Amino acid sequence: MTAPSAPIPDRYDPGTVEARWYPEWERRGYFGADPRSPRKPFSIVIPPPNVTGSLHMGHALNNTLQDVLIRMKRMDGFNALWVPGTDHAGIATQVVIERQLAAEGKTKEDVGREAFVERVWRWKEESGGIIIRQLKRLGASCDWSRERFTMDAGLSRAVREVFVRLWEDGLVYRDDYIVNWCPRCQTVLSDLEVEREERDAEFVYIKYGPLTLGTVRPETKLGDTALAVHPGDRRYAAWVGQELDVPSVEGTIRLRVVADEAVDPEFGTGVVKVTPGHDPVDFEIGRRHHLPVRTVIGFDGRMTAAAGKYAGLDRFECRRRIVEDLRRLGLIERIEPYRHAVGVCYRCKTVVEPLVSKQWYVNVKPLAEPASAAVRQGRIRIIPRSWTRTYHHWMDNIRPWCISRQLWWGHRIPAWYCDRDGEVYVSRDDLTTCPKCGGALRQDTDVLDTWFSSALWPFSTLGWPDRTADLETFYPTSVLVTGFDILFFWVARMAMMGLRFMGDVPFRDVYIHALVRDAEGQKMSKSKGNVIDPLVMMDRYGTDAFRFTLVALAAQGRDIRLAEDRIEGYRNFANKIWNAARLVLANLDGYDARAAARAPRGLPDRWIVSRLAATTGLVRAHLRRYRFNDAASAVYQFLWHEFCDWYLEMAKVALYRADDPAARLRTQHTLVTVLETTLRLLHPFMPFITEELWQRLPRGDRAPASIMIAAYPRASRRQQDRDAERDMAVVMEVVTAIRAIRGEMRIAPGVTLAATLRPGGDHQALLARAAPLVEALARCRLTVDPRGIRPPASALAVVGPSELYVELAGVVDLEAERGRLDKELQRVAESIAFLEAKLARPDFTARAPAAVVDRERERLAAERARRDKLA
RNA sequence: AGGCUCGUAGCUCAGUGGGAGAGCGCCUCUCUGACGCAGAGGAGGUCGGCGGUUCGAAACCGCCCGAGCCUACCA
C-alpha cells in the first residue's frame, strides 16, 4: 500500500483509517503464527465468548488487554499466537432457538431433537459470528485461521477422549444425588450456576408432636422422614433415637429423631425436620443415618402423587394450603417474617428446587490437588496475587462437579445403555449394539455442561488429542487474560484438566482484570439501562481512543468506572498525535536522513531522545508486570507533555529559521526518529492511528511494510543523557518562571517582555546558548549578563543559582509583584523551617539513610540561597 | 458466617516508607503559521476516624465508621 498523498486533514478521522487497515493487515497474514518458526513462542487463547453474544464492555476490556500484549510481543520478535473462538453456550443458545420456535407457535418437542439441533447449527452458521466481526472492529489481532468453536469436530473429539479417560480412571461416575433443578429450564444446574437472592419469607414454627421446629418450606413437610437435633444439645438428648408419632395434615406420621452435627442448636428451636428428597443438607443427613428419600415435588415444580391430596398443586400454592391446614389443626405455634437467601437459576431466576436424580459427576478432588499445588509452587502465577487466596479456598472445598444437563444443544454424553443386560458403555466411538449381548443400545439423552469443553480449551484448540506441532510449540500458553467472575467456572477447571491430560499447566500467568461498571459504580445491565455500548463508543470516538481509555483505566485489582468524557479525553489525545505528525510532515522539505544523522545535536534533541529512552524503559517495565494503566500513562505523558508541549515548540525555532541549515536538518531528523519510535511504542495500545501516521513518515528502504511487524522500541543506555536532562530542566524552569510572571501579572500573551538573566554557578554557558529557546518559548528578549542588576521596575524569580529579572515598567504596575514575591518568600520560609526542624532532630540524622540526610541538607542549602536572593 | 477490595482535589482515579499527583470540571488570559478535540497561568486536599510501629506513615499493623464484591447447607 502506498502512502496516501492527499492533504492531511487537521482532524483525525478514525472511521476511514480503521476501515482501511484492519482488512489490509489480515490480507497480508500478519496475524498468523507458524509453529515451525524458530522464534520464541508467546501464546494466548481467547476466553471464548458465547456464540450468541454481542460485544459488551467486558469483552472489550478483556480483548483489548490481550491485543496489547500480543501486539507488543509480536513486535518484540516473538512467535506470537492468539487463538480465537467461540463457545457453544448450552442453555443460552438453546433458549435463542426455542424463542424462534415459540414465535412460530412451536416447541422443540414438536420438531424433535435431531431437527432442533440441526436448526441450531444453521443459526450458528448464519448469525453466530456477530461477535467475531465485532472483535475485528476492536482491532483484535487474532490468528483467524485457527478460529475454533467448542462443538467443532476436533474439539468434540477432545471432549470424548477426556470423558472416556476420566471414566476409565473412575473419576466420571453416575450417582443418585440431590441436584439443583430448574423447573422452568427443565435441567439440572451446577452449584456455580445457582445464584443467591435475598427474598422475604415466613418462618413457620410447626408442632411436631412434643417438639416444635421452624421452617421456611412447610410444603416439604410431606417428604419428612426424620427429625434431627445437634448431638450436644442437652434439651433434646432424651429424644434421640426415639420414634415419634406426629399428628400432621394427613393423619399421623412416624418420625425418628437423629443427632447430627449439621444442626445448629442456636438457630430456631434447635430441631430440624429432615427432608432428604428436597434439601441438600437433609440429603446428607439422610445418607449418614440411612433415612429413606421421599420425593413429593416433581421436576415440573408440582406436588407428586406421594403428596396425597396435595398432588398436582404448584409447590408455592401447596405451601399456602399446608399452612392453612396446619393452622386449622392447631399445629402452628407462630409465624415470623424472615428474610433469607434462596437459590435461583442464573438464567431465569426461578427458585431452584433441590431434587434427587441420577446425574453424571466428575470427582474433581483428585484433579484439584495438583491444580492447587501448581499455584502454590508458582508454576501458575495469578496476578494480582490477592486472587490466589480465593482460588485456594475454592479448591480446598471443592465438591463433585455435576456435568450432565437435560438439554439438546451440547456435547451428548458418550454413554450407551443396554436395556437387556442393564449395562452402561462409555465409548470414544458411537455404539449401536451391545458388545456383550448384541442387543440394541440407546445413548444417554443428556449433554455435558458447557464448561466441560471450555475446560479443555487451551489444548483442544491446539489439536489435542493428536500430538500436533501447534501443541508442541504453543502449549503451555503464556498468559490467560480473564475476569474474576469465571475464576472457578473456567480458570480452575482448565488448570485441572491441563495438568491431568497435558501433564503441564495450561498457562503460566493468569491476569485477572476488573469489571467495567458505569460512572456511578453500578454493574452494567440491560434492565438498569446503564449499558454503555462499545460499538457506539468506537463509532463516536474511534477505536484507538476507546481502547486507550480501557487500558488507561485498567489498574490492578480495581473495578473500572467508565465515564464517557474520559473517552473523549483520549479522543483528543489521538487528535493531538495526529496534529503533531502533521507539524512534522509539513516541515520535512529538504530532509535527507543520511546528512541529518551527521549534523550536530542540540540540547533539545539530546533531551527528547533521552526522555524517549526513559519512557520506553517505563512502558516495557509496566507491561512486563501487567501494569497496563501505568504503561499507558507513561506514553501519554511523554507524547503530549514532553514531545508536543516542549520539544515541538523548541523545534519550531530551528525549523523556521533559515540561518542555520544544519540545525534545521538535525531537528527534522530528531522529529522523524522520535515520532517514528513513539508510534511503535504506542502501537499496541492504538493500532490504527499509529499505522496510518507511520506509513506517512519517511522510512528507510529496508524498513518493514507495516508498523505491526516493526520492532518494538528498546531503551538504549546510550540514548540516556543525564546532562541534557539536567540542562533542559534549567531552561524549562526559566521559561516557566517567565510565563508564571506573565500569568500572575496578567500581562497579555502577545506582549514581548524584556528579561535579564544573571547566571550563577555553571549556568552561564548553558543559558547563553539556550537564550534563543527561552526567547521563543516565553516570548521575551533575554539578556544573559553575569553582572546584570535588577532594574527598578521588575519582577524577580530565582532559578537555582541564577536570578531572573523581568522588566515591568510600562507594562504593568508593580503592586502585584510585591504580592507574588511575598507568596514565594513565604513558601521558601516554610520550606526552610520544615527542613531545619527535620535536620535538627538527632534521631533523624542518626537513623535515616545517609543519602536521605544528604539530600535534605542540599535542599535546605538551595532554599536558603533562594531566600537570600529573594530578600 | 467467612474471605476479598475500596474510602486521596468538585468528579473519576494513580500513588506500598522520605516534603500530596493525573485526567476531566472550574477561574483568568490567548483568533501565536500542528492541533480551540488547542496553548499559557491559576484556585482547590486535616489522604474516612482513632490508636500503634518507625527517625519519618496517604502508604505498614490493630480497632471503628462507610461503600462494594465473592464464597457459604442456619432449616
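Letters A, B, ... are given to chains in the order of the sequence lines, protein chains preceding strands, and every chain is numbered from 1. These numbers were taken from a predicted model, which means no experiment stands behind them.
Within 4.0 Å (heavy atoms only), A:Phe488 reaches sugar-phosphate atoms of the nucleic acid but no base atom. Within the 4.0 angstrom heavy-atom criterion, only backbone atoms of the sugar-phosphate kind lie near A:Thr736; the bases stay farther away. Residue contacts shown for A:His641 are limited to sugar-phosphate atoms, with no base heavy atom under 4.0 Å away. Contacts of A:Phe643 with the nucleic acid, taken as non-hydrogen atoms under 4.0 Å apart, are absent. Backbone-only contact: A:Asp565 has heavy atoms under 4.0 Å from sugar-phosphate atoms and none from a base. At a threshold of 4.0 angstrom between heavy atoms, the contacts of A:Glu649 include nucleobase atoms, whether or not backbone atoms are also involved. Contacts of A:Gly214 with the nucleic acid, taken as non-hydrogen atoms under 4.0 Å apart, include base atoms. Counting any heavy atom pair closer than 4.0 Å across all strands shown, A:Arg571 reaches a base atom. Across all strands shown, A:Glu261 has no heavy atoms under 4.0 Å from either base or sugar-phosphate atoms. Within 4.0 Å of A:Ala580, counting heavy atoms only, lies at least one base atom of the nucleic acid. Using a 4.0 Å heavy-atom cutoff across all strands shown, A:Lys652 reaches at least one base atom of the nucleic acid. If you check every strand for non-hydrogen atoms under 4.0 Å, A:Asn587 touches nothing. Residue A:Leu487 is classed as having no contact, given no heavy-atom separation below 4.0 Å to the nucleic acid. Among the heavy atoms of the strands lying under 4.0 Å from A:Asp645 are primed sugar atoms or P, OP1, OP2 only; no base atom is included.
Both A:Thr845 and A:Leu553 lie near RNA chain B, and the one whose nearest nucleotide falls closer to the 5' end is A:Leu553. Residue-to-nucleotide proximity on RNA chain B shows that, of A:Tyr656 and A:Val852, the 5′-proximal contact is made by A:Val852.
Listed pair A:Lys576 / B:G39 meets the phosphate criterion, a side-chain N or O lying under 4.0 Å from OP1 or OP2. Contact check, A:Tyr570 against B:C37: no side-chain N or O comes under 4.0 Å of OP1 or OP2. Between A:Arg859 and the phosphate of B:G19, there is a side-chain N or O to OP1/OP2 separation shorter than 4.0 Å. Of the side-chain N and O atoms in A:Arg582, none sit less than 4.0 angstrom from OP1 or OP2 of B:A34. Contact check, A:Arg627 against B:G15: a side-chain N or O comes under 4.0 Å of OP1 or OP2. For A:Asn579, no side-chain nitrogen or oxygen approaches OP1 or OP2 of B:C37 to under 4.0 Å. In terms of phosphate contacts, A:Arg389 brings a side-chain nitrogen or oxygen within less than 4.0 Å of OP1 or OP2 of B:C4. Between A:Lys823 and B:A43 there is a side-chain N or O to OP1 or OP2 distance below 4.0 Å. The shortest distance between the side-chain N/O atoms of A:Lys838 and the OP1/OP2 oxygens of B:G18 is not below 4.0 Å. Close to B:G2, at under 4.0 Å from its OP1 or OP2, lies no side-chain N or O of A:Trp394.
Aromatic pair A:Phe546/A:Tyr541: ring centres not closer than 6.0 Å.
Taking every side-chain heavy atom of A:Asn629 into account, B:A14 is the closest of B:C35, B:A14, B:C73. Proximity note for A:Ala740 (side chain, C-beta onward) versus B:G19, B:G42, B:C4: the nearest is B:G42. Distances from the side chain of A:Arg566 to the nucleotides B:G18, B:C37, B:U12 place B:U12 closest. When distances run from any side-chain atom of A:Tyr338 to the nucleotides B:A75, B:G18, B:C70, the shortest one goes to B:A75. Distances were taken from every side-chain heavy atom of A:Glu856 (C-beta onward) to each of B:C4, B:G19, B:A75; the shortest belongs to B:G19. Across B:C35, B:A75, B:C73, the shortest atom-to-atom separation from the side chain of A:Asp264 is found for B:A75. Among the nucleotides B:G19, B:A75, B:A14, the one closest to any side-chain atom of A:Arg855 is B:G19. For A:His393, counting side-chain heavy atoms from C-beta on, the closest listed nucleotide (B:A75, B:U71, B:G39) is B:U71. Nearest nucleotide to the A:Asp843 side chain, out of B:G33, B:G23, B:C55: B:C55. The side chain of A:Pro849 has B:C55 as its nearest neighbour among B:C55, B:G33, B:G41.
Taking atom CZ of A:Arg847 as the reference point, atom P of B:A57 lies 14 Å away to the nearest angstrom. If you take CD of A:Glu195 and C1' of B:C70, they are 12 Å apart, rounded to a whole angstrom. Computed from coordinates, the A:Arg288 CZ to B:C73 P distance equals 13 Å when rounded to whole Å. The OH-C1' distance, from A:Tyr391 to B:G3, rounds to 17 Å in whole Å. Between the P atom of B:G39 and the CG atom of A:Asn575 lies a distance of 11 Å, rounded to the nearest Å.
For RNA chain B, runs of at least 3 consecutive pairs of the Watson-Crick or G-U wobble type, with both hydrogen-bonding distances under 3.5 angstrom, map to B:1-7 with B:65-71, B:10-13 with B:21-24, B:26-30 with B:38-42, B:48-52 with B:60-64.
The environment of A:Arg287 atom CZ is dense: over 12 non-hydrogen atoms of other residues, nucleotides or ligands sit within 6.0 angstrom. Heavy-atom contacts from other residues, nucleotides or ligands closer than 6.0 Å to CZ of A:Arg781 number 12 or fewer.
Atom name P, nucleotides B:C47 and B:C63: the rounded distance is 22 Å, in whole Å. Separating the C1' atom of B:C6 from that of B:C26 is a span of 27 Å, rounded to the nearest Å. Rounded to a whole angstrom, the distance from the C1' atom of B:U5 to that of B:A9 is 23 Å. Comparing the C1' positions of B:G48 and B:G66 gives an interatomic distance of 8 Å, to the nearest angstrom. Comparing the C1' positions of B:U12 and B:G3 gives an interatomic distance of 28 Å, to the nearest angstrom.
Using a cut-off of 4.0 Å between Lys/Arg side-chain N and Asp/Glu carboxylate O, A:Glu353 and A:Arg217 are scored as salt-bridged. Between A:Glu733 and A:Arg866, at least one side-chain nitrogen of the basic residue sits less than 4.0 Å from a carboxylate oxygen of the acidic one, meeting the salt-bridge criterion. A salt bridge is defined here as a Lys NZ or Arg NE, NH1 or NH2 lying under 4.0 Å from an Asp or Glu carboxylate O, and A:Lys838 with A:Glu856 meets this definition. Looking at A:Arg827 and A:Glu830, no side-chain N of the basic residue comes within less than 4.0 Å of a carboxylate O on the acidic one, giving no salt bridge.
For A:Ser633 against B:G23, no side-chain N or O and base N or O form a donor-acceptor pair under 3.5 Å.
The OG1 atom of A:Thr16 lies 7.0 Å from the CD atom of A:Glu692; values are rounded to the nearest 0.5 Å. Rounding to the nearest 0.5 angstrom, the gap separating the CG atom in A:Asp13 from the CH2 atom in A:Trp578 is 8.0 Å.
With sequence neighbours left out, A:Asp10 forms a salt bridge (Lys or Arg N to Asp or Glu O under 4.0 Å) with no residue at all. When the side-chain hydrogen bond (donor to acceptor under 3.5 Å, both in side chains) test is applied to A:Tyr570, the partners found at least two apart in sequence or on another chain are A:Arg566.
Checking A:Asp645 against A:His641 by side-chain atom types alone, a donor-acceptor pair falls below 3.5 Å.
Ring-to-base geometry places A:Phe834 in a stacked arrangement with B:G19 (centre distance under 5.5 Å, plane angle under 30°).
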